[in-house]
Structures are given as structure tokens and as C-alpha cells.
Amino acid sequence: MKYISTRGTAPVLGFGEAMMTGLARDGGLYVPQTVPQMSHADIAALAGLSYEDIAFRVMYPFLGDTFAEDEFRGLIAAAYEPFGHAARAPLVQLAPNHFLLELFHGPTLAFKDFAMQLIGQMMQAALAKTGARITIVGATSGDTGSAAMEAFRGLANVDLFFLYPHGRVSEVQRRQMTTPVEANVHALALDGDFDDAQARVKDMFNDFAFRDGVRLAGVNSINWARVLAQVVYYFSSAVSLGAPHRAVGFTVPTGNFGDIFAGYIARQMGLPIDRLVIATNQNDILHRALTSGDYKTDGVKPSISPSMDIQVSSNFERALFDAYGRDSRAVTQLMDEMKSGGFHISQGALQELRATFASGRCSEAETTATIIREYGRTGEILCPHTAVGVKVAGDHLGAVPMITLATAHPAKFPAAVRDAIGLHPDLPPRMADLYDRPERLTRVPNDLAQIQTLIRERIAS
Ligand SMILES: *Cc1c(COP(=O)(O)O)cnc(C)c1O
């Protein structure tokens, strides 16, 4: 099993190396050279299995010889053991042909736990074999950082640093990052916004002396191993609703296009997915691109669904790579044009994308209205990101069952919920003491050299 870069000039890697590398050295994203297939019979055989067993069968063919079968089963078990629901990713019904896939029963209450918990286990297992240590650095607007701190805390061969914009994440998100007590995880509150945090992380990866010196690794949403872990719940939910004997559709609240790209991979593997609907908030670059063919940045407009407030969608490059017939030169050219604000998607590529993806946009007022309406109609309290998905899914309902991904627990975004329905959603009992735990964080200036010095000092001590 080999992984190639969308830009065509980085080394071809195995699964383990692609996981440790994250962003390819040519600036591209790793994708499998060929996507393993699951036959009708293979998919039918998933019916009734546990989430962990489905995870094993779906992911193992992508791993090459990275882990032995039993070892990988053990890593999956450890990854999902801390979840607060026996089904891991349960479905609930909203309307006759509309289902919600609850992806918020992990330790930090957002879908990112599915990938982060597993990548933590896989990285630690791979490193333990050689005794090597790595330093993970990332930027977060909230959910990625909390999921990463939780997944990597206490792991022996990893130091983890996450930069978040000081004062601009929700209190629950901040506390989830600042309350782990293990010394190998570090929350860094940057004086700047999320774009500054992301830019400093990029600078560190582009500083090859630093990158190699501290053995830098990334776990942001472009990491192939994260995409892979997310493929599993597309299978588990579709099979619950009758796949492979009948098709299903999915609507995915989308920011960086990682979660929905996992659905695209599931479809490539043979899962009968009718359509994948991209749901954006007012940061609608993807909806505009699918509609007009123009992929153009338009600044970030802060919204009540902040985990989807993006300027560009990093994983979209993977979909473009396929839509352009895996032409890495064409992709490299598009990404060059991106530096001056955007590009136009060719007619052929647009047709390819529209064969798989539909899209819709949800305004701030519609997000709030959807939380109010669904609470009244079903008693379900939606997080604002999930509400974006439910609104857009409502415009795409038809004969095929629609599954909307519920990406976070409402208690993670209590302000938006309170403003809509006047209720403060409670944290699950297992984390009810979050507000009482002591916090630990380091304020850092928006200055590359000072951040690098701090990281070097911390990992040396
Ligand atoms: C990260 C996140 C998203 C967006 O997911 P992408 O993979 O970036 O498209 C949506 N909702 C929530 C709650 C998130 O944390």
C-alpha cells in the first residue's frame, strides 16, 4: 500500500511514514495510490458487527504491513474505549427519511475524537518500536486541539504543542486543552487569531532545520491517517440503514473538507452513497465553488459555528486531484493560482465533482432557526455545526435515506444553544467537573523564533 502526493514530487511513502509526515514535502497531500475495494458481500458482512470490528475491516487494507492484525485490533480497542456510548457512533431519527449520526460521544465531545484517539494510539505504537520521539505541533480554533491533547496526553514518545488564539475559543474548548495534567502536552495561547496560529505552524514546518531537529510531526486534518479513521462511521451508519442493499446519502457540516472527504473514500471503496452533500455556514467557499466553478477566498466571517469558519478548505485539494484525473501538474498550478486569491475549476473537473457532491449554505439566522425548530419538533438539541448540516440536508431530502453528521455535542457550544432555545445544555456526567479542574497554559507572542525557543526548551527538559 503506497501513498502519493497530490503535487507529484514528494517521495512515495508507506502508511506509517505518511502518517508521521502529515504534509508532503512538496506542499501536497498524501492519497492512496489505489483505493482498496470492498465487495457487496464484504459490506453485507459488516451488518451487526461492533464499531471496532467494522473499523478493523474497513481500515486494515490501507495499512500495508505497518501493524500486525492483532496489534491493530488492540489499538482500535484502546482508541474507542474512552467513548461514552457503547455504539460509539449511534444513529437517531429526526424525520421519516432523515437520520442524525451522533459523532460526539468521544472524550472531547466532537467528531475529531474518532480520528485523534486512533492516531494517538497508532503513532505511539509505531514510535515504541524504534524508541524514537516526535514533537507534534498544531494550530486549532478549538476542537482539534482539545481532541489532540486528550488523545496524546501521557503517551511516552510524543511531545505535543497546540497553538490556539488567546480569548477566541469557547470556555469548554479552552478547558479541555488546559486541564490535562500530563507534562507531555502543552496548550499555547497565542496573541493573535487562528490564521496567525496556523501561519506560525506552517512556518515551523517550512523551517527544515527546525522540522528535522525536533522531529516535527503534524496531526491536522490533512493527515491521511485522520481521514482514514473517519471512513469507518460512513460504513457503520450506512450498513445500519440497509447498505449495501440500498443506497444512503450523507450531509456533512464542512470546514476543511476532511470529514466529507472520508465519505468520498468510503464511496470509492464501494459503499453505495448516492450523494455527499457539503453543508457550509456563511463561510461558503465550497458551496460557491460547486455552484459557479470559482474557488475564491473571501476572508473569514466569524460565525456561531466556529469550527467551520475557514478561508480555504485544505483537504479539497485531494478531491481536485481526482477530479483532474490525478494530474499533479494541474493541481500544483491551481495551488499556485490560489496564492493570488483563487482559481476557476475546469468544466470537466466540475462535472466530476458534481457527480458525487451537492452543496448548500446556511446563514446565521437559519442556523438558529434550525436549532429552535428541531428542538420543538423532536426534542433533539443540535450544536450549531450540526444545525448547519440539518438545514442543508432538509433541502436535499428524497427517496434515499439521508444521514446528517452531528459533529459536536451541544454542550460544547452552549452560547449558540442558549441564544436559540433559552436552555443551557449540560455536559455529560463523566465530564461535569470540567469547570472545577485547574488550568495550565502558556501565553506566547505571535513570533516564530520565540515559539521555537520555547518548544526546544520544553522538549529538552
Ligand atoms: C472540525 C469540525 C467541523 C468541520 O470538519 P472538517 O473536517 O474540517 O470539514 C465541523 N464541525 C465541528 C464541530 C468540528 O469540530
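First listed ligand is number 1; within each ligand, the first listed atom is number 1.
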Between Phe161 and His186, does the ring centroid distance fall short of 6.0 Å?
yes

Looking only at non-hydrogen atoms, the one of Ser307, Ser314, Gly255 nearest atom 9 (O) of ligand 1 is Gly255

Per-residue contact class, Lys412 against ligand 1 - non-hydrogen pairs under 4.0 Å:
neither

Hey, does Ile265 have a side-chain heavy atom less than 4.5 Å from the side chain of Trp224?
yes

Presence of salt bridge, Asp284 and Arg361, under 4.0 angstrom:
yes

Quick check on the 6.0 Å ring-centre criterion: do Tyr51 and Phe114 meet it?
yes

Judged by heavy atoms only, the candidate from Thr407, Asn315, Asp259 nearest atom 12 (C) of ligand 1 is Thr407

Between Arg443 and Asp191, does any side-chain N to carboxylate O distance fall below 4.0 Å?
yes

Run the numbers for me: atoms of ligand 1, each under 4.0 Å from some heavy atom of Ala408, listed by number.
13 (C)

Distance filter under 4.0 Å to Gly258 heavy atoms, resulting ligand 1 atoms:
6 (P), 7 (O), 9 (O)

Test side chain to side chain donor-acceptor pair (under 3.5 Å) on Arg153 and Asn184; report intermediate values, then the result.
CA-CA 6 Å; Arg153 65 191 174 90; Asn184 71 319; over 6 Å; no

Atom 5 (O) of ligand 1: which protein heavy atom is closest, and how many Å away?
Phe111 CZ, 3.4 Å

Give me the nearest non-hydrogen protein atom to atom 1 (C) of ligand 1 as residue plus atom name, then the distance to 0.1 Å.
Lys112 NZ, 1.4 Å

Quick one: look up the protein heavy atom nearest atom 6 (P) of ligand 1 and list residue, atom name and how far away it is.
Asn256 N, 3.6 Å

So which bit of Asp143 gets within less than 4.0 Å of ligand 1, heavy atoms only: side chain, backbone, both or neither?
side chain

Answer yes or no: does an N/O atom from Ala110 fall short of 3.5 Å to an N/O atom of ligand 1?
no

Does this structure show an ion pair linking Asp322 with Arg318, if we count only N-O contacts that are shorter than 4.0 Å?
no

Per-atom filter on ligand 1: closer than 4.0 angstrom to a heavy atom of Phe257 are 6 (P), 8 (O), 9 (O)

Counting from 1 in the order shown, the ligand 1 atoms closer than 4.0 Å to a non-hydrogen atom of Thr254 are 9 (O)

Look at the aromatic rings of Phe261 and Phe257 and report parallel, tilted or perpendicular, splitting at 30° and 60°.
tilted

